[in-house]
Trainee: 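First, the structure itself, so that you have it in front of you.
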Protein chains: 2
Amino acid sequence: MQSEGVASRSADPSSPRGSRTGNPGGGTSGNGAPPVDAVSLAIIEQLQEDGRRPYAAIGKAVGLSEAAVRQRVQKLLDQGVMQIVAVTDPLTVGFRRQAMVGITVEGDLDPVADALTAMPEAEYVVMTAGSYDLLVEIVCEDDDHLLEVINKRIRALPGVRSTESFVYLKLKKQTYMWGTR
Amino acid sequence: MQSEGVASRSADPSSPRGSRTGNPGGGTSGNGAPPVDAVSLAIIEQLQEDGRRPYAAIGKAVGLSEAAVRQRVQKLLDQGVMQIVAVTDPLTVGFRRQAMVGITVEGDLDPVADALTAMPEAEYVVMTAGSYDLLVEIVCEDDDHLLEVINKRIRALPGVRSTESFVYLKLKKQTYMWGTR
DNA sequence: TTCGATCGTCACGGATTCCGCAGTTCTGGG
DNA sequence: CCCAGAACTGCGGAATCCGTGACGATCGAA
C-alpha cells in the first residue's frame, strides 16, 4: 500500500563512502557520516513494509545472503539508523483527541522542552525557529483530558509565555521517520 | 511455569511502567469501541520496545502462552490496531532539514490535503481547527530542497492562501502512534 | 608494486522460534 | 441446563535465528 520509496527516495548515489574512512589508529567509533548505502536502504524498505519479515526473504528481495542481511540489520540497529517497533492507532487504543500546540517561551527553552518530554501525553516535542519556540503534539482521551493538559499543565510550566492549539480534525498521512538524537 | 493459568483478564494493577501506551479509560472502563484489553496493551508495549521480540518472551512477560500471544498479535495486525515496522532516522539517511508548515486554505481543504499527501517530502499531513487549516511536516535533504518544496510546490497549490513555516532546530521526543484512517 | 589489515560476504550446524493443529476451559445466551 | 463461540494450552515439524570460521575484495602504507 504505502508509497514505495518512503525513506529512500533520491537514492543519493553521491559519495557513499565519503572522503576516507580514516580510522587506522584503532578508534572503533569514528562514526560520523551516514554509513547507509543503497542495499541497506533496500533492506530498510523491506522492513518498513513488515518489521518481522525473515532475513532470508529480505535477502532474496535485495540479492543478499541471509547472514549478510542479518549482520546489516544488526548494524543498522546498533548504529541507530533505524528501529523496529510496533506503532499503534491512537483511536483504537482509546485516544480520541489529538492536537498540535505551538508554544512561545520566555528564557531558556530546555527546561520547558524537558518538562514536555516527560509528559506521557506528549507524543512529539520539537524546538523550532518561527513564531513558536516549541511544537508539541498531544494525544488525549477526550476533550476534557486535552483541555486539562493544555490549560493546566502546559500553560502552568514556568517560562511558558503563550500557547496556541490546533485540534486535529483528520489525519491524512503519517509515515515513520524518527530523529531524536 | 504458570502456576495458575489464570490469564490476568480483568484486574491486574501491576501495570508495567506507566508511560507508553498508557491506558486511557483506566483499564476496561466504559470504553466500548476499542477491542483491545489490558493484556493486548501489554503485548503492544513489549513490541514497542522491540518489534522482533519472540512470542515466547512476550508471553512470559505478560503471562500468556506463546500460541496465545501469536494469535493476539496476528489479530491486532489484522484489525489494524497496530503495525510492526522499521522507522528510520532522517539524518542518517540523508535528510537534514525538517519543518512544520501551517497552511491556510481558501475553499475546499480536501484537494489541497490530497496534493500534499502525494508529496514524498510530506511526512505528516493533518487537517486542523485553529489558525491554520492544515499542518504538514516536511522532510528534506537541505535548505534549498526545503525552500523549493515550500515556496515552489506548496505555495503554488491552488487554494493555498498562506503558509507559515517552523524549521526544526532540535527534535526532543518522538513516539510512535499512527492514525491514518 | 607488495604487504598488511579491515570489511563484507558466504557457508554451516545447533539452538531457538515460528506455525498449524487438536483438545480443553471459560464466557455469554437461549 | 445446554449450547455455541471464543480464547488458551500443549505438542510436534518445519523454518528461522545466531554464532563461528574462512574466503575474497578493497584500501592504506611501506
Side-chain angles (χ1 to χ4, degrees), chain A residues 13 15-44 46-47 49-79 81-86 92, chain B residues 1-12 27-28 30-44 46-47 49-79 81-86 92:
Chain A
S15 70
R17 287 156 176 61
S19 35
R20 58 191 179 290
T21 42
N23 57 347
T28 51
S29 57
N31 208 336
V36 45
D37 59 5
V39 178
S40 290
L41 235 34
I43 292 175
I44 292 174
Q46 293 285 319
L47 289 170
E49 292 176 11
D50 177 6
R52 271 182 176 261
R53 183 163 298 171
Y55 296 134
I58 299 174
K60 196 155 300 182
V62 307
L64 240 54
S65 72
E66 177 266 343
V69 174
R70 182 177 7 122
Q71 297 176 57
R72 281 201 184 232
V73 169
Q74 192 56 50
K75 178 180 286 188
L76 290 172
L77 294 173
D78 291 342
Q79 289 177 159
V81 175
M82 73 171 179
Q83 287 178 273
I84 299 176
V85 295
T92 40
Chain B
M1 315 306 199
Q2 294 328 70
S3 46
E4 41 210 307
V6 180
S8 54
R9 190 36 159 287
S10 42
D12 189 0
T28 56
N31 219 336
V36 46
D37 61 6
V39 179
S40 290
L41 233 35
I43 292 175
I44 292 174
Q46 293 286 317
L47 289 170
E49 292 176 11
D50 177 6
R52 269 183 177 261
R53 184 163 298 172
Y55 296 134
I58 299 174
K60 199 153 299 183
V62 307
L64 237 58
S65 72
E66 176 266 342
V69 173
R70 180 171 17 114
Q71 295 171 37
R72 282 199 182 233
V73 169
Q74 193 56 52
K75 178 179 287 188
L76 289 171
L77 294 174
D78 290 342
Q79 289 177 160
V81 176
M82 73 170 180
Q83 288 177 268
I84 299 177
V85 296
T92 46

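Letters go in sequence order (proteins before strands), and every chain restarts at 1.
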Trainee: Kindly say if A/Arg52 contacts the phosphate of C/dC18, meaning a side-chain N or O under 4.0 Å from OP1 or OP2.
Mentor: yes
Trainee: Could you state the CD1-C1' distance from B/Ile43 to D/dC8, rounded to the nearest angstrom?
Mentor: 12 Å
Trainee: Among B/Ile44, B/Asp37, B/Val36, find the one that has a side chain to side chain contact (heavy atoms under 4.5 Å, CB included) with B/Arg72.
Mentor: B/Asp37
Trainee: Rounded to the nearest Å, what distance is computed from the NZ atom of residue A/Lys60 to the C1' atom of nucleotide C/dC10?
Mentor: 15 Å
Trainee: In chain order, what residues pass the side chain to side chain donor-acceptor pair (under 3.5 Å) check against B/Arg70, with sequence neighbours excluded?
Mentor: B/Glu66
Trainee: Nearest whole angstrom, please: distance from the P of D/dT16 to the CZ of A/Arg53.
Mentor: 13 Å
Trainee: Which residues pass the side chain to side chain donor-acceptor pair (under 3.5 Å) test with B/Gln71, sequence neighbours left out?
Mentor: none
Trainee: Distances for protein N/O vs nucleotides 20-24 of chain C N/O pairs under 3.5 angstrom?
Mentor:
from, atom 1, to, atom 2, distance (Å)
C/dG20, N7, B/Arg70, NH1, 3.1
C/dG20, O6, B/Arg70, NH2, 3.2

Trainee: Hey, could you give me the CG/NZ distance between B/Leu77 and B/Lys75, rounded to the nearest 0.5 Å?
Mentor: 12.5 Å
Trainee: Picking from D/dA7, D/dT9, D/dC18, which would you name as closest to the side chain of A/Tyr55?
Mentor: D/dC18
Trainee: Under 3.5 Å, side-chain donor or acceptor atoms of residues 55-65 of chain A against the rest of the protein: list the pairs with distances, not counting sequence neighbours.
Mentor:
from, atom 1, to, atom 2, distance (Å)
A/Ser65, OG, A/Ala68, N, 3.2

Trainee: Using the C1' atoms of five pairs at each end, what's the angle between the two axes of the helix from C/dT1-D/dA30 to C/dG30-D/dC1, to 10 degrees?
Mentor: 40°
Trainee: Give a yes/no answer on whether the side chain of B/Lys75 brings an N or O atom under 4.0 Å of OP1 or OP2 in D/dA7.
Mentor: yes
Trainee: Whole angstroms only, please: what is the CD1-P distance between A/Ile58 and D/dA15?
Mentor: 18 Å
Trainee: Heavy-atom distance under 4.5 Å between the side chains of B/Arg52 and B/Ile84, does that happen here?
Mentor: no
Trainee: Do B/Met82 and B/Val73 make a side-chain contact, defined as non-hydrogen atoms from C-beta onward lying under 4.5 Å apart?
Mentor: yes
Trainee: Using atom CD of A/Gln74 as one end and atom P of C/dG8 as the other, report the distance to the nearest whole Å.
Mentor: 14 Å
